[in-house]
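Presented below is the structure to which this report refers.
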Amino acid sequence: MCGIVGYVGRRQAYGILIKGLHRLEYRGYDSAGVALINKAGNLNIYKAKGKVSELEAFAADKDITGTIGIAHTRWATHGEPSTINAHPHYSESEQLAIIHNGIIENYAVLKQGLEQEGYTFKSDTDTEVLVQLIEYTQLNQGTDTKTAVQLALQQVVGAYAIAVLDKRHPDTIVAARKGSPLVVGIGDDEFFLASDATPIVEYTDRVIYIEDEEVVTLRAKSKEQVAQTQMKKEQDSESLIDITTINNVQKTPEIKRLEMSLSQLEKCGYPHFMLKEIYEQPRTLADSMRGRINMQQDNIALSGFIDNKDRFLNAKRIIITACGTSWHAGLIAMYAIEEFAQIPVEVEYSSEFRYRKPVINKDDVVVAISQSGETADTLAAIQLAKAKGAFIFSICNVVGASIPRLSDSGCYTHVGPEIGVASTKAFTAQVIALTMLALCIGKAKKTISNEKYLHIVRELGQIPNKMSLVLEQDRKLAEFAKTFTYAQNFIYLGRGYNYPVAMEGALKLKEISYIHAEGYPAAEMKHGPIALISQEMPVVVVAPHCGTYEKVVSNIQEIKARKGRVIAIVSEGDEVVKNIADYTIEVPSTEECLTPLLTVVPLQLLAYHIAVVKGCDVDQPRNLAKSVTVE
Ligand code: M6R
């Protein structure tokens, strides 16, 4: 969802804020804006509909000076994308400016009360209500900005990460969070604020993750303080940060080291982040396994599992909860955990699970999967499960995000920042992590034979190389893509471990090329979707040489009998499907449970190339945001 950036220090803020917005643009790109306090004490706000580049063009001839500022890139919730609805928003007196990520659910009631007090509103946003409420509180109770923010937030129902500037305090940013992420970066005599660490990484590796219902005040040093060099830098910076709860309980800042490099945030010669991330997969998969699989001893050691073995061994049931692509990874894990660990698994959309009053027992293990670690529904799902006593294990990519912090244990996927809105490398790493977990439980429970365990562990070691071979077929897929840009609809079919892959392939195509696509279990086709088959309908069939291969071949025959056009993903050396399908892509053979790691790659590339040929914005598809921090 929306991206927040802030800076206070001695440098000019504008360049830092704009660069930060570009780094955060994957979170939302409907409109963007910036607020700066200049030397004369003026609080200037500039906003533009569209991408950050539109804002830059608009602000080019304006006064963009100031060593303190906040900036925002928006993903619209309340109010259409427009310049008026873009953040920052002024308060009534224009003394305050606010940026906000999240949703103020009771904004209508708060707005009514403020209107009765004579406040007027320029935008349709819930955010403007909040800044007015802060100002109203400040004036009525005669408080400072921090206290006004605390008191206002006590009245708010909903989720927020906010940053507030007050022109009467041109050296201070007040920020707060609940349910939406917020990170503070500590530089030398300067502070950075952002929704995630990507805008901060090039300036400092010292960060503080703000917790829910915390209010942080960041103050720049005065000239006199800068002159006092005898103070140690660390103590110095800490003394300029104040963290309290919204109820004014004092907190001690906990500084963490960032593990992220700048090169991970660049395209490195690729035309799009998505393509770069697809190509990174052989390496990222190796990274996900590094230190966890000992190839000499053919053994997997997942510390999050080892430290909590009994919780898994005593589990009567495993509930997997996630959204989108992460949910597809969870569905693959269901097949693996039931096959190897023989524990019943339920896979739940977090958004449904959290509201359907699910039965959760103390001996349940809940596995939450999330690339960002900030998805609002998944966060709420684990809060619910935790309150009922379940053990929470999370698979997450972003280190220090809310979901892993709330979990009892877990496993990071370590694929580096995923910037393309369409998830690719995070998905394959989630599948690897979940497969390792299934094997660990199975081995500990002795529900998998030693022979099978060893074979799969060795095969896991081969996956990065095999995936590189799949990537070599990129050109062929780019050619296929040209043929299919006419299509309005696609069907994707797969069975067993590859049924979730079919759904993932369909999701990728929908997201970035805006072509409608459905993923189905192949055998379900006869129960309805077969009516859609005609020569206009491309059908992607994921048909590696697995348990149900012959049955899938029959499905392909059924499609061809109705003149459907088949693109098949098959195991190397497959001659049967090659003779029936219109187009085939071969992937190396591997253990059935690992086939998704190879079969998904051609589907990622196919979606990518179709989107490119159609001229779509691959990395920032319309209406989407990378991290869905509102429900
Ligand atoms: O960060 P998460 O893994 O929790 O995100 C879940 C979904 O929002 C995400 O996978 C979404 O479906 C992607 N855009 C898919 O490419």
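Note that the coordinates shown come from a computational prediction; the quantities given were computed from them, not determined experimentally. Numbering of ligands and ligand atoms starts at 1, following listing order.
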Does the distance from a Lys or Arg side-chain N to an Asp or Glu carboxylate O, for Lys508 and Glu504, drop under 4.0 Å?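 Yes.
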With a 4.0 Å cut-off on N to O distance, would you call Arg354 and Glu348 a salt bridge?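 The answer is no: the pair does not qualify as a salt bridge.
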Write out the residue and atom name of the closest protein heavy atom to atom 9 (C) of ligand 1, then the distance separating them to 0.1 Å.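 It is Thr325 N, 4.1 Å.
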Which residues share a side chain to side chain donor-acceptor pair (under 3.5 Å) with Tyr608, sequence neighbours left out: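 Partners of Tyr608 under the side chain to side chain donor-acceptor pair (under 3.5 Å) test: His272.
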Can you name the residues that form a side chain to side chain donor-acceptor pair (under 3.5 Å) with Tyr335, not counting sequence neighbours?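 If we apply the side chain to side chain donor-acceptor pair (under 3.5 Å) test to Tyr335, skipping adjacent residues, there are no hits.
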Which atom pair, heavy atoms only, marks the closest approach of Gly416 to Asn397?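 Nearest pair, atom of Gly416 first, then Asn397: O-ND2, 2.9 Å.
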Those atoms of ligand 1 less than 4.0 Å from some heavy atom in [X]:
| X | answer |
| --- | --- |
| Ser370 | 1 (O), 2 (P), 3 (O), 4 (O) |
| Lys508 | 15 (C), 16 (O) |
| Val421 | 13 (C), 14 (N), 16 (O) |
| Ala422 | 16 (O) |
| Ser326 | 2 (P), 3 (O), 10 (O) |

When you measure from the centre of the six-membered ring of Tyr514, is the NZ or CZ of Arg622 closer than 6.0 Å and no more than 45° off the axis?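 Yes, a cation-pi geometry.
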Options Glu418, Met274, Glu511, ranked by nearest heavy atom to atom 14 (N) of ligand 1, top entry: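 Going through Glu418, Met274, Glu511 one by one, Glu511 has the nearest heavy atom to atom 14 (N) of ligand 1.
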